[in-house]
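Right, one structure below, let's go through it.
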Amino acid sequence: MAPTGRAALLAALGSLPVGIWEPGWTGLLAVNAPLAVACACDYALAAPVRTLGLTRSGDTSVRLGDTADVTLTVTNPSRRPLRARLRDAWPPSSWTPGTETEASRHRLTIPAGERRRVTTRLRPTRRGDRQADRVTVRSYGPLGLFTRQGTHKVPWTVRVLPPFTSRKHLPSKLARLRELDGRTSVLTRGEGTEFDSLRAYVPGDDTRSIDWRATARQSEVAVRTWRPERDRHILLVLDTGRTSAGRVGDAPRLDASMDAALLLSALASRAGDRVDLLAYDRRVRALVQGRAAGHLLPSLVNAMATLEPALVETDARGLTAAALRTAPRRSLIVLLTTLDATPVEEGLLPVLSRLTQRHTVLLASVADPHVASMARGRGDVDAVYGAAAAAQAHTERDRTAEQLRRHGVTVVDATPEELAPALADAYLALKSAGRL
């Protein structure tokens, strides 16, 4: 088959060798003068890359697991058309493994004095800020023999937010909340609740809620209905110390705690309660206070996005002091921390009374489902030893949880998938019992 295009030109030029003297050599060096001239012309006709104008636009935030589109506008101010390949470099965690090459490389053809847009689609695999690295442009001549190459710094930041996977549980928890609010036939009463209205007695009602004065004024038995108090204060305390770095499945414990905190925040704000957030290990890592219900979740996810576990032991005394400063009045303090025996017994228990004497305290901890599966192992000697170790670990957690309960703390210990709904249920139970 006869060669065509660039291949034909190269074949024709290659048939014309010429000899020249190269200084420092002891003989003739055979080169192809027409080919050298073609390469020089090709290089001269390639559009310059240093003078290109590059600007960015597009998404500035994305939930973990979703995609973000960042558009790069390239302007060619020269009098030569640009034929180029472009690489838009971002940190490796900006894409799922194996997709970076396809997503970050683009082909461009821009006539002189015009502009074109290319879009880089990111799919981050970690929370936090992802910052654009650099844009590398390789400009080709019309023959594609020689190129010009240069890099440009075009800053852009995409903030990767927590995914809030527990959002799917919110409708069922809101339905339960409406029951507590008295908007359905199921009504509650308890210490610390507000009187709502009177209604006719039906079998099964608590006789203690009968209003005898109202009954005397009418021909049927009347009972009081109650609704949980609103405008309670809830402080979410995220422990970002070393224990939050332990991985359970594919993510650190801190991520599961964040997800549970987001579900509880969404539920509590719909209940009319005020929610603040404190993240602490040896210093305050994040603080969100005084947000209205409509701005609460965006503020929380934005603050949580850049949080990373610190590989230090959490200062329990400092955490307690920071919590008391953030919640000076009676509140529900939700500690999202570990149930491991040593950090609790040596760190939290000695200072816990400072919290419980003024506040209602709820502690939520992420349990490892692998421990439960190990406890069921019986196939061989290794499995039996693993089951014994798992049983011991489970016993230690139960003992630690019981110590906390004796101090008046409500304890939630659940796997990452179950922690968020379990924490929401514990909140609703406290609200139903009038303990908020």
Side-chain angles (χ1 to χ4, degrees), residues 127-129 161-162 233-248 251-265 268 273-291 296-297 299-366 400 404 407 409-413 416 419-420 423 426-427:
R127 286 182 298 100
D129 289 341
L161 307 174
H233 181 232
I234 299 171
L235 176 61
L236 303 173
V237 181
L238 278 174
D239 179 358
T240 56
R242 66 167 183 83
T243 56
S244 67
R247 300 188 73 84
V248 178
R253 283 183 165 90
L254 181 60
D255 285 28
S257 298
M258 288 180 181
D259 193 52
L262 289 174
L263 180 63
L264 179 56
S265 300
D273 293 334
R274 295 173 289 112
V275 181
D276 292 337
L277 171 73
L278 170 68
Y280 192 94
D281 42 68
R282 288 186 175 271
R283 63 181 179 87
V284 176
R285 300 288 179 174
L287 181 62
V288 178
Q289 283 183 290
R291 298 295 192 273
L296 177 63
L297 278 181
S299 298
L300 291 180
V301 296
N302 192 58
M304 292 177 180
T306 57
L307 286 178
E308 295 293 342
L311 300 181
V312 296
E313 197 72 40
T314 299
D315 178 9
R317 292 186 180 277
L319 184 148
T320 302
L324 292 173
R325 286 195 303 270
T326 309
R329 298 179 181 176
R330 183 168 182 80
S331 309
L332 170 64
I333 294 183
V334 181
L335 296 175
L336 293 130
T337 184
T338 182
L339 262 182
D340 293 347
T342 301
V344 172
E345 294 175 357
E346 296 182 2
L348 183 59
L349 282 179
V351 297
L352 188 59
S353 59
R354 296 179 59 192
L355 292 176
T356 55
Q357 67 184 3
R358 187 186 304 178
H359 304 289
T360 301
V361 180
L362 192 162
L363 186 145
S365 180
V366 182
T400 304
L404 291 168
H407 284 78
V409 177
T410 301
V411 178
V412 175
D413 185 22
L419 182 65
L423 180 58
Y427 163 76

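Predicted, not measured: the structure shown is a model, and the values here were computed from it.
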Counterpart residues, side chain to side chain contact (heavy atoms under 4.5 Å, CB included), relative to Arg330 (two or more places apart)
Thr360

Under the salt bridge (Lys or Arg N to Asp or Glu O under 4.0 Å) test, residues paired with Asp129 that sit two or more places apart:
Arg159

Which residues share a side chain to side chain donor-acceptor pair (under 3.5 Å) with Arg127, sequence neighbours left out:
Asp255

Taking side chain to side chain contact (heavy atoms under 4.5 Å, CB included) as the test, write out the residues that go with Asp259, two or more places apart.
Phe164, Thr165, Ser166, Ala420

List in chain and number order the residues that pass side chain to side chain donor-acceptor pair (under 3.5 Å) with Glu308, two or more places apart in sequence or in another chain; answer none if no residue qualifies.
none

Show every donor-acceptor pair shorter than 3.5 Å between a side-chain atom in residues 318-327 and any protein atom, with sequence neighbours excluded, or say none if there are none.
{"from": "Thr320", "atom 1": "OG1", "to": "Ala316", "atom 2": "O", "distance (Å)": "2.8"}
{"from": "Thr326", "atom 1": "OG1", "to": "Ala322", "atom 2": "O", "distance (Å)": "2.8"}

State which residues pass salt bridge (Lys or Arg N to Asp or Glu O under 4.0 Å) with Arg358; sequence neighbours excluded, sorted by chain then number.
none

I want to check something: taking the side chain as every heavy atom from C-beta on, are Gln289 and Leu278 in contact at a cut-off of under 4.5 Å?
no

Below 3.5 Å, can you tabulate the donor-acceptor pairs from side chains in residues 340-355 to any protein atom, sequence neighbours excluded?
{"from": "Asp340", "atom 1": "OD1", "to": "Thr338", "atom 2": "OG1", "distance (Å)": "3.4"}
{"from": "Asp340", "atom 1": "OD2", "to": "Thr338", "atom 2": "OG1", "distance (Å)": "3.3"}
{"from": "Glu345", "atom 1": "OE2", "to": "Arg399", "atom 2": "NH1", "distance (Å)": "2.8"}

Are the side chains of Thr410 and Val361 in contact, using a 4.5 Å heavy-atom criterion?
no

Taking side chain to side chain contact (heavy atoms under 4.5 Å, CB included) as the definition, give me every residue that meets it alongside Ser265, ordered by chain and number, with sequence neighbours left out.
Leu236, Val275, Leu296, Leu297, Leu300

Under the side chain to side chain contact (heavy atoms under 4.5 Å, CB included) test, residues paired with Pro416 that sit two or more places apart
Val248, Ala256, Val366, Pro369

For Asp413, what residues pass the side chain to side chain donor-acceptor pair (under 3.5 Å) criterion, not counting sequence neighbours?
Arg397

Residues two or more places apart in sequence or in another chain: which of them pass side chain to side chain donor-acceptor pair (under 3.5 Å) with His233?
Asp276, Ser331

Exceeds 12 heavy-atom contacts within 6.0 angstrom, atom CZ of Arg282:
yes

Could you walk me through whether Thr314 and Asp281 pass side-chain hydrogen bond (donor to acceptor under 3.5 Å, both in side chains), step by step?
CA-CA 4 Å; Thr314 299; Asp281 42 68; over 6 Å; no

Between Leu335 and Leu362, is any pair of side-chain heavy atoms under 4.5 Å apart?
no

